[in-house]
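A, B, ... follow the sequence lines: proteins, then strands. Residue 1 opens every chain. Computed from heavy atoms alone, side chains included, the values below leave out hydrogens, waters and symmetry copies.
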Amino acid sequence: MISQLTKTEREIALLLTILLAISGSILGLMGRGDLLGYHGALLAIAGYALTFVLIKDHFDPEPGPKRIEKYYDDPIKVGIVLAIFWVVIGTFVGDWVAWLLVFPDATFDAGWASFGRLRPVHTSGVIFGFGGNALIATSFHVVQRTTRARLADRVSPWVVIVGFNLFCLMAASGYLMGITASKEYAEPEWYADIFLTIIWVVYFVLYMRTLARREEPHIYVANWYFLAFIIVVAILHILNNLAVPVSFGHAKSYSLFSGVQDAMLQWWYGHNAVAFFLTAGFLGMLYYYLPKRAGRPIFSYRLSIISFWGIVFLYMWAGSHHLHYTALPHWVQTLGMTFSIMLLVPSWASAGNALMTLNGAWGKVRDDATLRFMMVAAVFYGLSTFEGSFMAIRPVNSLSHYTDWTVGHVHAGALGWVAMITFGAIYTLTPWLWNKERMYSNKLIEVHFWLALIGTMIYVFAMWNSGIIQGLMWRAYNENGTLAYSFIESVAAMKPYYVARAIGGFLFFLGAVVCAYNVWKTIQLPAVAAKNPDKPPLPARGSPTALSAAE
Amino acid sequence: MTFDHQTLAAIAKSYGLIYMMIVFVGSVIYACWPSNQSKFDRAAKSILREDDE
Amino acid sequence: MLKNHAKLERTAIGFAFAIMLVASIGGFIEIAPLFTISETVEDAPDMRVYTPLELAGRNIYVREGCYACHSQMVRTLQDEVERYGHYSLAVESKYDHPMLWGSKRTGPDLARLGDKYSDEWHVAHLLNPRAVSPQSVMPAYRWLLRNELKANDMPLHLRAMRKVGVPYTDAMIANATADTYGQANPDSGAADGFFERYGFDSNSRYFDGDKRKVTEMDALVAYLQILGELTDAADQTAGAANLENDAEGATQ
């Protein structure tokens, strides 16, 4: 892992891991009477372990001068492997909680195994663990290839990857112990939030520095989306997590805002997390890997620019559609609804752009499951953005809100769009990164594709059904003018759909396992010889002397 | 606080709209500006060059 | 070469600023008015704060992730009002840091749960939901009755809540630990002056039915029993209710 680092870089890394070990120890000591102590210990152990590795390998031979002629891909490899690790864990826990709604007594009488604590492990595991690692890894890959420049330095990519995964570990383990701020998709507590903020600033600086080194004058549009993802997620994260801790020795904190402001801020965050984490970042992925895999340039570059600014601008206003008919002022609800409907324009522009890119390459789509993953992702993106705009309309929302329809909608987006585009990117990227001719087995990609597609379909259809039935039962009146069903009758009516959903989720989880196996076997394949060993992939930057001075 | 709720809401409803129009028109002009077209074409094709996998 | 590079660098930074600007102005314009919303929110002079025991119960509600399946926000829809009670007012969650409006009803809304069922019902339900409601899919929370409530740091909790704007008095903070135990153990006399501090209609009893110790169950049930009961504001506006009909989704 550190063979590519120079002596100075190893020393900087060592300093950082020691710092991590010390701050972890301090946090652990301050929180020794509280659950916080465990997370202090976690950071400290990680810090000491990394310090040990760095000291052990400190005197390994330094990399040769040729290193700067190549892209720096080691952290990307680790990021991809971690993304696959998290998707297996995250979908497993997701399916587990789905079965808990069928067999509610399967909790071993233990707090950690109850629905309320496991659910955020699922959501954070797939959104941050899987999605986050995939975004970080692909953004490092895309930014280097599209700028034809090496990552700006060799230590900070590791800070981002390692730090981000420590954050994910703190999040997941915290929920099991009962540490949560209760804000959906922003559940980690104050110290984890501060930690992530630092990591995110490092990520931003690294990305900007790499862009600044570019050899291409124009910044390719995929980077715009990645950059918007990095910047806006930082803004959202900081604002929504403002809180006052009980003390520096307590994990618990109290949100700075209350009631209606807190709700507005939370769903402004919640919806924009969908926009900038689950949409913008993955569109960046789409705008690079889809044209690359199809061997055709993006259908309309112009359209991709217009839809970029449309998404950046419009999403920010749409969050209040999560709060229709609540105590939020009426005009804010109307504003959220209006902008949500307008959002359909840039969303469909992106989806259409992706599909038009494939127009003329349908033969490839038919034969290549990897490309098919990306095509299906674009289709699901179009479908779920349409559904989202539809559900943001107040009367529709009066039926759909609080029901499983929302869950179905989210999974149409998360399974159908986010996960599919990521699997497409992973299958494209893995052979390149590990220098193999192709993936270990195309058949297994095909198997994965059908497991994922069928699993998603079962899931989404089950939740559409259950959600609409639920919504209709809640508002049904009998001829006497009183409510026709008690709440528990609507719960009982969900049972078959909950079973179907859990089966669909299981198929999707199986697909993720197949992907993990396939990637694992691919890494073990013999490497192919570089096509052109004498020609370095990177253009020379200035004169050789200037180079070594700069490095 | 010199801004009361009415003022802020009014700003959101009026200038917010103008601001949105400006961003939209601005991005369309940028995307369709004739001298940018060759740049965009080059960018769209640049990722397909063989040497960077 | 170097000059050229500086220009490239500026483009990237300018670009990052443009994203920041476009995104944050949108967010700001929408959110800023909400921070002056107190001017438009109903007034509730009778609103009381959570007692330390109720706050501890609320923290358990958060810890166990109850909000993932239960909302606390009755919408202004006819059927919801008939099912759950008066629609929620903004003022009713003004001391909720964070709010627990929720986003999903795998179980029913809880905004007006307080005083709807007896303490015994709640304890039985939390110990085994299917004993009182055979078709329920809620997990059992038996450990709540096993775990003794830790309350020695309640003054710190109240102080943090005061920092974010909840009007806890010095006396409330000073007596927070005693009040926690005393509220769930009325015969102990631990909570001397409890009713003076939190109002004479607050509850003090053996919530979990166990007189020997104060458990997490005590705290959670105490919290569940005051949901929707912190103010009478909703009852006072009942006459002016302007509900929306589901079918039309109409206007206000």
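- Contacts with chain C were tallied for Met494(A), His250(A), Glu187(A), Arg119(A); His250(A) has the most, counting heavy-atom pairs under 4.5 Å.
- Taking the six-membered ring for Trp and thresholds of 30 and 60 degrees, His122(C) and Tyr117(C) have ring planes more than 60 degrees apart, a perpendicular arrangement.
- Between chain A and the options Ala160(C), Ala18(C), Ser133(C), Cys66(C), the largest number of non-hydrogen pairs under 4.5 Å is found for Ala160(C).
- Heavy atoms closer than 4.5 Å to chain C are found nowhere in Thr406(A), neither backbone nor side chain.
- Among Gly102(C), Ala140(C), Ser71(C), the residue with the largest count of heavy-atom pairs under 4.5 Å with chain A is Ser71(C).
- Remark: Thr334(A) engages His330(A), Thr338(A) in a side chain to side chain contact (heavy atoms under 4.5 Å, CB included) (not counting sequence neighbours).
- When Phe308(A), Phe313(A), Tyr498(A), Trp474(A) are compared by the number of non-hydrogen pairs under 4.5 Å with chain C, Trp474(A) comes out ahead.
- For Ala181(A), the part sitting under 4.5 Å from any heavy atom of chain C is the backbone (N, CA, C, O) and nothing else.
- Separation of atoms NE2 (His324(A)) and OG1 (Thr76(C)) is listed at 11.0 Å; rounding is to 0.5 Å.
- Of the residues considered (Trp267(A), Trp224(A), Tyr207(A), Phe115(A)), Trp224(A) shows the highest number of contacts with chain C, using heavy-atom pairs under 4.5 Å.
- For Glu489(A), no part lies near chain C; criterion is any non-hydrogen pair under 4.5 Å.
- In Tyr485(A), the OH atom is not crowded: 12 or fewer heavy atoms of neighbouring residues, nucleotides or ligands sit closer than 6.0 Å.
- Neither the backbone nor the side chain of Arg162(C) comes within contact range of chain A, judged by heavy atoms closer than 4.5 Å.
- The distance between the ring centers of Tyr315(A) and His271(A) falls below 6.0 angstrom.
- Looking at Leu101(A), both its backbone and its side chain come within 4.5 Å of chain C, counting heavy atoms on both sides.
- Comparing Ala110(A), Ser182(A), Gly116(A) by heavy-atom pairs within less than 4.5 Å of chain C, the highest count is held by Ser182(A).
- Within the 4.5 angstrom heavy-atom criterion, atoms from both the backbone and the side chain of Leu227(A) approach chain C.
- There is no contact between His322(A) and chain C, counting heavy-atom distances below 4.5 Å.
- In this structure, CE on Met73(C) lies 8.5 Å from CG on Leu89(C), to the nearest 0.5 angstrom.
- Proximity to chain A (any heavy atom under 4.5 Å) is shown, for Arg159(C), by neither the backbone nor the side chain.
- A side chain to side chain contact (heavy atoms under 4.5 Å, CB included) with Leu236(A) is found for exactly one of Ile231(A), Asn272(A), Asn241(A), namely Asn272(A).
- Of the two parts of Ser88(C), only the backbone, made up of N, CA, C and O, holds a non-hydrogen atom closer than 4.5 Å to a non-hydrogen atom of chain A.
- Dense packing is recorded around NZ of Lys116(C), with more than 12 heavy atoms of other residues, nucleotides or ligands lying under 6.0 Å away.
- In terms of non-hydrogen atom pairs under 4.5 Å with chain C, the most contact-rich of Leu314(A), Asp34(A), Asp105(A) is Asp105(A).
- Aromatic ring centres of Tyr223(C) and Tyr61(C) lie closer together than 6.0 Å.
- Contacts with chain A were tallied for His157(C), Met138(C), Met20(C), Met161(C); His157(C) has the most, counting heavy-atom pairs under 4.5 Å.
- Proximity to chain A (any heavy atom under 4.5 Å) is shown, for Leu158(C), by neither the backbone nor the side chain.
- Proximity to chain C (any heavy atom under 4.5 Å) is restricted, for Val232(A), to the side chain, taken from C-beta onward.
- Both tests pass for Lys252(A) against the ring of Tyr254(A): distance under 6.0 Å to the centre and angle within 45° of the axis.
- Inspection of the Gln266(A) and Asn240(A) side chains reveals an N or O donor paired with an N or O acceptor under 3.5 Å.
- A donor-acceptor contact shorter than 3.5 Å is absent between the side chain of Tyr168(C) and the backbone of Pro155(C).
- Cation-pi geometry between Arg105(C) and Tyr402(A) is satisfied (NZ or CZ under 6.0 Å from the ring centre, within 45° of the ring normal).
- Looking at Tyr84(C), only its side chain comes within 4.5 Å of chain A, counting heavy atoms on both sides.
- Proximity to chain C is absent for every atom of Ile230(A), based on heavy atoms less than 4.5 angstrom apart.
- Below 30°, between 30° and 60°, or above 60°: for Phe226(A) and Phe229(A) the angle between ring planes is above 60°, a perpendicular geometry.
- For a residue to count as touching a neighbouring chain, one of its non-hydrogen atoms must lie under 4.5 Å from one of that chain's; by this rule Tyr141(C) touches chain A with the side chain only.
- Here the CG-OH distance, from Leu265(A) to Tyr269(A), works out to 11.0 Å after rounding to the nearest 0.5 Å.
- Proximity to chain C (any heavy atom under 4.5 Å) is shown, for Asp404(A), by both the backbone and the side chain.
- Chain A forms the most heavy-atom pairs under 4.5 Å with one residue out of Ser136(C), Ala68(C), Ala23(C), Gly65(C), and that residue is Ala23(C).
- Looking at Val244(A), both its backbone and its side chain come within 4.5 Å of chain C, counting heavy atoms on both sides.
- With a threshold of 4.5 angstrom between heavy atoms, Glu80(C) approaches chain A through side-chain atoms but not through N, CA, C or O.
- Chosen from Gly165(C), Pro134(C), Pro129(C), Pro139(C), the residue pairing most often with chain A at heavy-atom distances under 4.5 Å is Pro139(C).
- Seen from the ring of Tyr87(C), Arg75(C) does not count as a face-on cation partner, given the 6.0 Å and 45° thresholds.
- Residue contact with chain A, scored on non-hydrogen atoms closer than 4.5 Å, involves the side chain of Cys69(C) exclusively.
- Highest contact tally toward chain C, considering only Val491(A), Leu256(A), Val407(A), Val396(A), is held by Leu256(A) [criterion: heavy-atom pairs under 4.5 Å].
- The part of Leu55(C) that comes within reach of chain A is its side chain, from C-beta onward, which places non-hydrogen atoms under 4.5 angstrom from that chain.
- Smallest separation of non-hydrogen atoms from Leu144(C) and Ile60(C): CD2-CG2, 3.8 Å.
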